[in-house]
Amino acid sequence: MPKSYDHRAIEKKWQNFWLDNKSFRVVEDSSKPKYYVLDMFPYPSGQGLHVGHPLGYTATDVVARFKRMRGFNVLHPMGWDAFGLPAEQYALETGTHPAETTAMNIKNFQRQIKSIGLSYDWDREINTTDPDYYRWTQWIFLQLFHKGLAYQAEVPVNWCPDLGTVLANEEVIDGKSERGHHPVFRVPMRQWMLRITNYSESLLEGLDNLDWPEGIKELQRNWIGRSEGAEVIFDLPSINESLVVFTTRPDTLFGATYMVIAPEHPLVKRLTISNKKKEVKRYVEKAARKSDLARTELEKDKTGVFLGTYAINPGNDEKIPIWISDYVLMSYGTGAIMAVPGQDQRDWDFAEEFNLPIIRTVEPPGDFDGKAYLGDGSAINSQFLNGMHVNEAKKTMIEWLVKNEKGKPTIQYKLRDWLFSRQRYWGEPIPVFHSDDEVEAIPYKDLPIVLPNVEDYKPSKSGDPPLANSGSWLEVIVNGKAGLRETNTMPQWAGSCWYFLRFVDAQNSDEPWSAQNEKYWMPVDLYIGGQEHAVLHLLYARFWHHVLHDLGYVSSREPFKKLVNQGMILGEDGSKMSKSRGNVINPDEIIHKYGADSLRLFYMFMGPLEKAKPWSTSGIQGSHRFIRKVWNLLIDEDGNLSSKIHDNEGDELMIQLFHQTIRKVTEDIEGLRFNTAISQIMIMVNALRERDIYPRHIIESLVLILSPFTPHMSEELWERLGNDTSISFHPWPEYSESLAREELITIAVQINGKRRGEFQVRPGVDEQTALALALENVNVKRYVEGNEIRKTVLVKDRLLSIVV
RNA sequence: GCCGCGGUGGUGGAAUUGGUAGACACGCCAGAUUUAGGAUCUGGUGCCCUUAGGGUGUGAAGGUUCGACUCCUUUCCGCGGCACCA
């Protein structure tokens with residue numbers, strides 16, 4: 001039997017108490033202000049919780065507990081993002097059904113999460129692989145489909161043979177799959193796409209008013225990649241047609257000395273003269289075969305082929321040669337560019353390689369020694385633009401283009417439509433069927449389309465999904481029309497695009513959520529998760545939310561008001577935690593050894609939430625030591641409440657410190673500055689320990705303000721202090737500004753900018769008195785004596801600066 | 001290359017409408033207690049000078065100011081993201 005604090009017994013006791021009493025079950029209550037605090041729900045992997053997970057979870061939990069004590073009605077839910085590759089890969093290897101693996105992993109995650117003492121409302125737990133959940137994921141897909149935002153297209157996709165699936169652009173990194181690093185190739189296939197590009201502007205604008213880290217907003221802005229420019233029409237006399245190019249620099253039109261179109265461009269064949277056909281064909285085929293990896297590797301050397309025909313530069317009616325090159329992408333703009341080597345480095349490189357003319361149209365500064373000049377300057381060699389600076393020249397040229405019907409202003413985005421189908425088994429079936437070459441929606445009433453049991457999860461080499469072999473499941477008759485079900489499934493992102501909406505009404509079996517609950521809870525007030533979801537999840541979820549808003553299903557345009565990214569927990573050696581480095585810390589072991597409260601407290605004390613910080617064994621020991629210190633403050637060696645606790649106001653200094661502490665802790669938790677909140681509590685505990693008497697009201701408040709961080713110990717101490725209700729909903733202590741004020745303050749004295757002494761005085765002292773008091777100090781006197789005081793500056797209640 | 005974030009003791013970090021740099025904690029040193037280890041308690045701890053006291057110090061260099069971790073200029077280093085997007 002441990003003499004002092006027994007974290008294992010006490011933590012178990014209160015975890016059971018909270019679960020048995022459903023302490024954190026929340027119901028809508030319009031008489032109370034709401035607060036929705038959300039974690040990015042995890043993918044329940046076989047590895048169990050990583051040390052990184054509980055950091056964010058603890059932060060939201062501290063806020064949730066704090067807000068409850070402040071009188072808010074707090075929605076704090078948890079769920080499982082359980083569709084996805086690993087369970088399916090595991091099934092391929094072992095034959096265990098992904099549903100089985102998933103259930104097992106979820107159980108393990110639940111156990112781990114409960115052992116941290118997180119205050120979730122488990123009645124709202126959700127699982128994206130549950131038909132009662134994905135029924136509504138399918139429902140939302142149909143909303144998109146009926147709105148024309150989901151469509152099929154034969155598109156070049158990122159096909160990954162090793163994974164047997166196509167991947168989204170976002171899932172391909174340097175030509176390899178994000179998961180597993182397998183090579184990825186460009187192959188045309190029939191795919192489902194979501195028209196996220198219709199929402200480019202909306203998604204961009206929405207960012208402005210969000211309380212998100214600037215970095216994440218910038219990342220999304222870059223991803224959307226808006227650029228303003230113009231479309232310019234070039235005539236193609238050889239085929240008697242014209243071709244539109246996009247440029248951000250219409251002012252450089254007079255420097256366009258050749259044109260480049262993408263190798264995949266539909267006009268390539270017709271624009272090629274006969275004796276170039278062979279060469280062009282070879283180049284086009286080579287470009288098509290190139291994986292993304294190869295394309296990036298060959299970044300340095302420009303390649304291309306002259307087609308033998310010409311376009312007419314609308315600015316000066318000059319003939320310019322048309323080339324193909326893989327540095328022009330079919331997927332951006334119009335797949336064709338006007339090349340202006342004088343003002344674009346890529347065009348310059350190409351022009352140098354193939355001896356094409358270079359005309360500068362912007363005067364570079366005298367000392368400019370580079371090649372292409374991208375900066376501002378006066379226009380030259382540009383007829384009516386000459387002398388104008390870039391911005392004015394752009395404007396003038398666009399006006400000219402419009403007037404002469406040679407072009408118009410336009411905006412381009414880098415954002416592409418979202419490839420939404422996967423040739424995999426473990427995902428939501430797409431609720432449509434194919435009949436006579438037509439695709440039709442499954443009626444809402446027939447949802448969910450439940451994923452059938454199959455024996456073979458393996459995708460075929462041809463790219464046919466596993467569901468293609470699922471026999472009678474495929475056959476469907478809707479309104480007398482027979483057809484075959486869609487065999488592609490949705491990507492893993494689908495379930496997480498709306499889970500925060502399901503939480504507001506998790507058990508509703510008639511609709512995905514009720515308008516009433518949505519209006520009450522949404523938007524999410526605080527969303528905490530890893531930075532790795534900066535673009536993918538957060539952009540997709542915002543997209544769906546914007547659509548749902550346009551359809552009138554949600555009341556707010558943006559789902560997540562405030563977003564915070566927790567920093568990574570590094571290994572004790574300061575590098576990324578990984579099995580191969582052998583620096584992985586297992587949260588289970590830490591909780592067993594030091595307790596959940598120690599873990600929570602240490603996480604919050606380590607440093608700023610957003611920062612990456614190394615794990616520290618002596619650090620967790622320190623937190624554990626502090627917890628025992630607090631315990632020993634209240635509970636004596638025999639396990640009784642300390643006899644030093646008295647109904648007593650406390651001495652003046654203690655009262656002052658007490659109010660300062662309440663103030664700082666309150667403000668710091670509000671601002672998510674947990675580390676400094678804890679440090680302030682430590683200061684108060686240290687001060688209390690020096691006293692012979694512990695004023696009861698201060699001790700009670702101490703337990704209260706610690707409770708968001710160390711809820712188990714706080715509940716236990718609260719009970720031992722004689723309370724018979726849970727601390728979790730007890731009102732947060734108030735502070736008094738006047739009692740927090742210092743009676744006597746220390747003012748530092750600087751002479752010529754160097755600190756030479758200090759004196760104590762009541763607050764609000766004026767400059768003359770301060771100077772007089774300062775001069776009483778021997779050391780100060782020494783520096784001032786024999787010199788003339790030229791100037792004094794008094795910083796109120798802080799410092800007096802004397803210049804001699 | 002471009003964009004974003006960061007650089008403060010031996011370590012994690014405090015402190016920014018410009019106002020006592022290093023709070024709090026870890027570690028370390030000394031002492032107390034203990035059969036020993038551990039635990040606990042007390043004191044010390046940026047660096048340099050023997051002390052009073054002084055010098056110096058927030059990646060580097062310069063600038064503004066009575067006063068700069070904080071503002072400005074230049075520069076170095078680390079981390080994350082994007083990468084032929086016309």
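Numbered from 1 within each chain, the chains take letters A, B, ... in sequence-line order. These numbers come from the heavy atoms of this one structure, side chains and all, not from hydrogens, waters or symmetry mates.
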P-based separation of B:U8 from B:G59 [nearest Å]: 6 Å
Centroid-centroid distance, A:Tyr258 to A:Phe350, less than 6.0 Å: yes
Donor-acceptor pair present, A:Ser618 side chain and B:C26 base, under 3.5 Å: no
Residues A:Arg628, A:Asp597: salt bridge by 4.0 Å N-O rule: no
Residue-phosphate contact under 4.0 Å: A:Ser325 side-chain N/O, B:C84 OP1/OP2: no
Touch class at under 4.0 angstrom, heavy-atom based, for A:Leu219 against every strand present: sugar-phosphate
Greater than 12 external heavy atoms within 6.0 Å of A:Gln768's CD: no
Residues A:Glu667 and A:Arg673 bridged, charged N to O under 4.0 Å: no
A:Lys613 side chain near B:G12 phosphate (N/O to OP1/OP2, under 4.0 Å): no
Closest to side chain of A:Phe605, choosing from B:A14, B:G19, B:G12: B:G12
Sugar-phosphate only, base, or nothing, as touched by A:Arg226 at under 4.0 Å among non-hydrogen atoms: nothing
Same-atom distance (P) from B:U73 to B:U64, integer angstrom: 15 Å
Rounded distance (Å) that lies between atom C1' of B:C24 and atom CG of A:Leu657: 13 Å
Rounded distance in Å between the C1' positions of B:C82 and B:C71: 31 Å
Touch class at under 4.0 angstrom, heavy-atom based, for A:Asn686 against every strand present: sugar-phosphate
Upstream residue (5' side of RNA chain B) when A:Met682 and A:Gln750 are each assigned their closest nucleotide: A:Gln750
Whole-Å distance separating the CZ atom of A:Arg689 from the P atom of B:C24: 14 Å
Chi class for B:G9: syn within 90° of 0, otherwise anti: syn
